[in-house]
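In what follows, a structure is listed as structure tokens, so that the remarks can point back to it.
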Protein chains: 2
Amino acid sequence: MPSSRPLRADARRNREALLSAARRAFLDGDTDAHVEDIARRAGVAVGTLYRHFATREALIEEVYRKEVDDLCAAPGDLMDQYPPEEALRRFLLLLVDHAAVGKGMSVALESIMATDSPVFEDARTRMGEALTRLLDAGSAAGTLRGDITGPTLLRALGGVCAMRVSEGWLDEARQITGLLLDGLRHGAPRES
Amino acid sequence: MPSSRPLRADARRNREALLSAARRAFLDGDTDAHVEDIARRAGVAVGTLYRHFATREALIEEVYRKEVDDLCAAPGDLMDQYPPEEALRRFLLLLVDHAAVGKGMSVALESIMATDSPVFEDARTRMGEALTRLLDAGSAAGTLRGDITGPTLLRALGGVCAMRVSEGWLDEARQITGLLLDGLRHGAPRES
DNA sequence: TCCATAAGGTGAGTCCGACTCCGTTTAGGT
DNA sequence: ACCTAAACGGAGTCGGACTCACCTTATGGA
């Protein structure tokens, strides 16, 4: 079922064009661009759009997936280069900067964290695991507390990125990640 | 302009019925209930609904306002009864529990934090000020760090409540508030 | 090279839901 | 009882996501 013959050449081209048109639109902040517009921008008709993506939502999801995949890989990469605490710090900042690329993209992150969509299930899982490894390493090294799990932290981060309003938000997001970091560096758990 | 004659009796009744119907729908988790349905539930026609609320959105906003007002009053009340650190702790938990009332209501909080809507501007301001007073008191008492402002904390909380997915979220939200609290108790700011 | 054919593309049309408009009804003052 | 501004009703408009019957074209085999 996964290999039902490799898309015809023109089909693949159009698919690509659609994704890129949609990405451009979202990066411009036009998060509720009309399907008609996206199709036109890609030089195809709506019918074609719907041949490739079951629904507007599905297209959006697909656009975000790559962005998300990159992000998911980051914790692992950083851990190879830095001690856990530093890797964590860098990852948090990376996340915030990533969200800053454009209003549109932060919506992506919000979606990952807050959507039931099975599409992001996998991304969420991988990222959760990566964070868990990171936290475990820190815990073993004695620089991070051990009672917070990867998935929990993931949610906290989703929250941080969800607040994309007004000018000051970038600085505020940075402050908050600093706050979380301090919380994580703090030794003993207390009854919440 | 604010006092343009006190609504006719039937009008007030219907307005109330509409708000209550909408609230019921949202608490049931049916956050995208159709206006037609809400009107029917309230025993009026759509035209009536639109006489009272300019748009579907406006109705939703109105429904949430009360909820929000209660929440905004909380920090002040708690500060009268407890020392700052404890008041803060209780407020954070209150916030989480409030969001737990129903999926629908947590959307309200998310809106407050993430919407540009001027409607919530006021609520946001008041809550921000209340939190500032709380943080200042804690800072003066030496139990909370002084470099985080009310509005910043407000955003962090908005983030916490934005993650309303799957079973475990309540516990996770509690954990994260604990984390923030630890961060706030931590003394010195570090370069973020 | 050329044909057969299935994969792909098209866009007018359907569907659905938010919102409008104007004729009808009624609260409440005299 | 009567008047009228206020409120109500609900068929109709409008905009935007999605469909489908028909046309076009890539591609693989002769």
Side-chain angles (χ1 to χ4, degrees), chain A residues 1-26 28-64 104 107 111 115-117 119, chain B residues 1-26 28-64 104 107 111 115-117 119:
Chain A
M1 202 124 300
S3 66
S4 57
R5 176 167 314 212
L7 278 186
R8 227 168 71 177
D10 54 345
R12 200 161 38 65
R13 233 185 352 257
N14 284 337
R15 184 168 218 283
E16 231 50 50
L18 280 164
L19 284 170
S20 131
R23 151 168 284 136
R24 259 177 289 136
F26 299 152
D28 289 357
D30 187 6
T31 24
D32 34 48
H34 299 173
V35 287
E36 206 92 30
D37 292 344
I38 295 176
R40 194 184 3 270
R41 282 224 222 183
V44 302
V46 278
T48 301
L49 188 154
Y50 280 101
R51 169 170 298 275
H52 290 290
F53 307 96
T55 152
R56 206 188 96 98
E57 275 281 289
L59 169 59
I60 299 181
E61 270 179 10
E62 193 60 34
V63 167
Y64 288 151
V107 175
S111 299
T115 297
D116 299 21
S117 161
V119 178
Chain B
M1 202 126 303
S3 67
S4 59
R5 178 168 313 214
L7 279 186
R8 226 167 72 176
D10 54 345
R12 199 161 41 65
R13 235 188 347 258
N14 284 336
R15 184 167 217 284
E16 230 50 51
L18 281 164
L19 284 170
S20 131
R23 151 167 284 136
R24 260 178 287 136
F26 300 152
D28 290 357
D30 187 7
T31 25
D32 34 45
H34 298 173
V35 289
E36 204 92 31
D37 291 344
I38 295 176
R40 196 185 0 272
R41 283 224 223 182
V44 303
V46 278
T48 302
L49 188 155
Y50 280 100
R51 164 167 300 271
H52 291 289
F53 307 97
T55 153
R56 205 188 96 98
E57 276 282 288
L59 169 59
I60 298 180
E61 270 179 10
E62 193 61 33
V63 167
Y64 288 150
V107 175
S111 300
T115 296
D116 299 19
S117 161
V119 178

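As the structure is a computational prediction, the values presented were derived from the model and not from experiment. Chain A is the first sequence line, chain B the second, and so forth, proteins listed ahead of strands; every chain is numbered from 1.
Residues forming a side chain to side chain contact (heavy atoms under 4.5 Å, CB included) with Ala17(B) (at least two apart in sequence, or on another chain): Ala42(B).
The main-chain N or O of Ala33(B) is found under 3.5 Å from a side-chain atom of Arg56(B) such that the two form a donor-acceptor pair.
The CD atom of Glu57(B) sits 17 Å away from the P atom of dG17(C) (whole-angstrom rounding). At whole-Å resolution of the value, CZ in Phe53(B) and P in dT20(C) are 15 Å apart. Regarding Asp37(A), its CG atom lies at a distance of 15 Å from the C1' atom of dC18(D), rounded to whole Å. Between the CZ atom of Arg40(A) and the P atom of dA12(C) there is a distance of 12 Å, given to the nearest Å. Rounded to whole Å, atom C1' of dG8(C) lies 10 Å from atom CG of Leu7(A). Taking atom CG of Asp32(B) as the reference point, atom C1' of dA17(D) lies 15 Å away to the nearest angstrom. Straight-line distance from the CG atom of Leu49(A) to the P atom of dG8(C): 15 Å, rounded to whole Å.
Between Tyr50(A) and dC18(D) there is a side-chain polar atom (N or O) within less than 4.0 angstrom of OP1 or OP2.
Between Ile38(A) and the choices Val63(A), Ile60(A), Leu49(A), the side chain to side chain contact (heavy atoms under 4.5 Å, CB included) rule is met once, by Leu49(A).
Looking at Arg40(B) and Asp37(B), a side-chain N of the basic residue comes within less than 4.0 Å of a carboxylate O on the acidic one, giving a salt bridge.
In this structure, CZ on Arg24(B) lies 12.5 Å from CG on Asp30(B), to the nearest 0.5 angstrom.
Between His34(A) and Arg13(A), it is His34(A) whose nearest contact on DNA chain D lies nearer the 5' terminus. Across the interface with DNA chain C, nearest-nucleotide mapping of Thr55(B) and Ala9(B) shows Thr55(B) to be the residue nearer the 5′ end.
Counting heavy atoms from C-beta outward, Leu19(A) and Phe53(A) have side chains that approach closer than 4.5 Å.
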How does protein contact run along nucleotides 8-14 of chain D, one letter per nucleotide 5' to 3', with B for base contact, S for sugar-phosphate only, - for none, heavy atoms under 4.0 Å? BBBB---

